[in-house]
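By convention here, the first residue in the shown sequence is residue 1. Worth knowing before you read on, the calculation uses all heavy atoms, side chains too, and leaves out hydrogens, waters and symmetry mates.
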Amino acid sequence: MEYQTFVREVEERTDLSTAEEADDAIGATLVTLSERVPDETARNLAEQLPHEVGEYLTAADGSTSFGFDEFVARVLEREMVTDVAERETARRHAQAVVAVLLDAVTSRKSDDVLSHLTTDYERLFEGVDPEAVWGPGWRDRLGERG
């Protein structure tokens with residue numbers, strides 16, 4: 001998938017009206033994801049993405065375990081949204097970015113991400129057909145290594 005396509009798909013799945021806003025959401029979400037999953041997992045994902053997108057996944061130095069609510073709070077902060085009431089907007093942006101990410105990478109790579117997330121991250125995959133991506137029983141794989 002090319003960079004422009006990735007950005008356009010994020011725009012289409014959100015209320016964002018410019019490529020710059022979509023890129024901000026992509027960066028905020030993927031840098032946060034890179035803080036949550038092991039470096040090797042982030043690098044493997046980055047290899048399958050356009051350079052401009054993949055570089056966000058290599059921004060973090062090491063990973064930390066944190067829940068979905070903290071994930072959304074970090075996305076909100078990175079998008080420089082000052083109104084905490086916009087938390088729902090940040091969540092929708094993150095969901096859209098992750099949906100496009102899953103469309104762009106192999107199921108093996110996305111399965112690796114899934115295994116590093118705890119069960120509360122199920123909310124991140126709203127708007128995605130998880131069974132189409134990971135097959136039946138995908139919920140059982142959440143948190144296998146998270």
Side-chain angles (χ1 to χ4, degrees), residues 1 3 5-17 21-50 52-146:
M1 178 180 292
Y3 172 70
T5 304
F6 197 103
V7 171
R8 186 175 58 253
E9 288 194 24
V10 169
E11 277 183 85
E12 290 172 0
R13 294 176 191 225
T14 62
D15 55 353
L16 300 170
S17 57
E21 290 174 338
D23 188 65
D24 289 346
I26 293 165
T29 301
L30 296 184
V31 168
T32 303
L33 184 62
S34 76
E35 293 173 335
R36 180 59 183 83
V37 299
D39 290 344
E40 181 179 355
T41 299
R43 279 192 308 274
N44 288 338
L45 280 176
E47 290 173 0
Q48 292 193 356
L49 297 168
E52 300 92 337
V53 175
E55 66 185 5
Y56 292 123
L57 286 163
T58 58
D61 187 24
S63 64
T64 308
S65 183
F66 51 88
F68 180 70
D69 290 334
E70 175 64 19
F71 185 94
V72 172
R74 291 179 186 207
V75 170
L76 184 74
E77 182 179 317
R78 285 195 169 95
E79 283 193 85
M80 293 187 268
V81 177
T82 56
D83 185 356
V84 177
E86 294 297 317
R87 186 175 189 81
E88 177 64 21
T89 300
R91 183 182 64 81
R92 283 193 323 272
H93 292 175
Q95 289 170 328
V97 171
V98 168
V100 175
L101 171 73
L102 296 179
D103 286 346
V105 299
T106 65
S107 60
R108 184 170 163 233
K109 299 292 185 197
S110 63
D111 195 53
D112 191 29
V113 171
L114 184 71
S115 71
H116 290 289
L117 301 176
T118 53
T119 56
D120 63 329
Y121 279 85
E122 182 175 332
R123 295 176 284 167
L124 185 60
F125 305 111
E126 292 173 10
V128 173
D129 180 1
E131 287 195 16
V133 177
W134 298 295
W138 69 274
R139 283 183 179 93
D140 298 333
R141 291 195 303 283
L142 271 171
E144 283 181 346
R145 296 180 282 182

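Every residue meeting the side-chain contact (heavy atoms from CB on, under 4.5 Å) condition with E12, not counting sequence neighbours, appears here in chain and number order: R8. Residues that satisfy the ring-ring contact (aromatic ring centres under 6.0 Å, His included) test with F68, not counting sequence neighbours, are Y121.
Taken to the nearest 0.5 Å, the CD atom of E35 stands 10.0 Å off from the OG atom of S63. Rounded to the nearest 0.5 angstrom, L30 CG and L49 CG are separated by 7.5 Å. With rounding to the nearest 0.5 Å, the separation of CG in L16 from CD in E79 is 7.0 Å. Taken from OG in S34 to CD in E55, the straight-line distance is 11.5 Å, to the nearest 0.5 Å. Rounding to the nearest 0.5 Å gives a distance of 14.0 Å between CG of L101 and OH of Y56. Within the model, atoms OG1 of T41 and CG of L117 stand 9.5 Å from one another, a figure rounded to the nearest 0.5 Å.
D15 has its side chain within reach of R92: a pair of non-hydrogen atoms, C-beta onward, lies under 4.5 Å apart. Side chains of D69 and R123 form a contact here, defined as non-hydrogen atoms less than 4.5 Å apart. F6 has its side chain out of reach of E52: every pair of non-hydrogen atoms, C-beta onward, lies at least 4.5 Å apart.
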Handout entry: side chain to side chain contact (heavy atoms under 4.5 Å, CB included) between L33 and V113, intermediate numbers included
Key = CA-CA 9 Å; L33 184 62; V113 171; 4.3 Å; yes
Exercise for the section: Could you check V100 against V97 for side chain to side chain contact (heavy atoms under 4.5 Å, CB included), going step by step and ending with a plain yes or no? Expected result: CA-CA 5 Å; V100 175; V97 171; over 6 Å; no
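Within a 6.0 Å sphere centred on CG of D61, heavy atoms belonging to other residues, nucleotides or ligands number 12 at most.
The two residues T29 and A94 come nearest to each other via the heavy atoms OG1-CA, 3.4 Å. The two residues V31 and A59 make their nearest non-hydrogen contact at CG2-CB, 4.0 Å. Scanning both residues, A90 and V75, for their nearest heavy atoms gives O-CG1, 4.0 Å.
Cation-pi check for R36 over F71 is not met; the charged atom does not lie both under 6.0 angstrom from the ring centroid and within 45 degrees of its normal.
Across H93, R91, E86, E88, a single residue satisfies side chain to side chain contact (heavy atoms under 4.5 Å, CB included) together with L76, and that is E86.
E47 and R43 are not joined by a salt bridge, as no carboxylate oxygen comes within less than 4.0 angstrom of a charged side-chain nitrogen.
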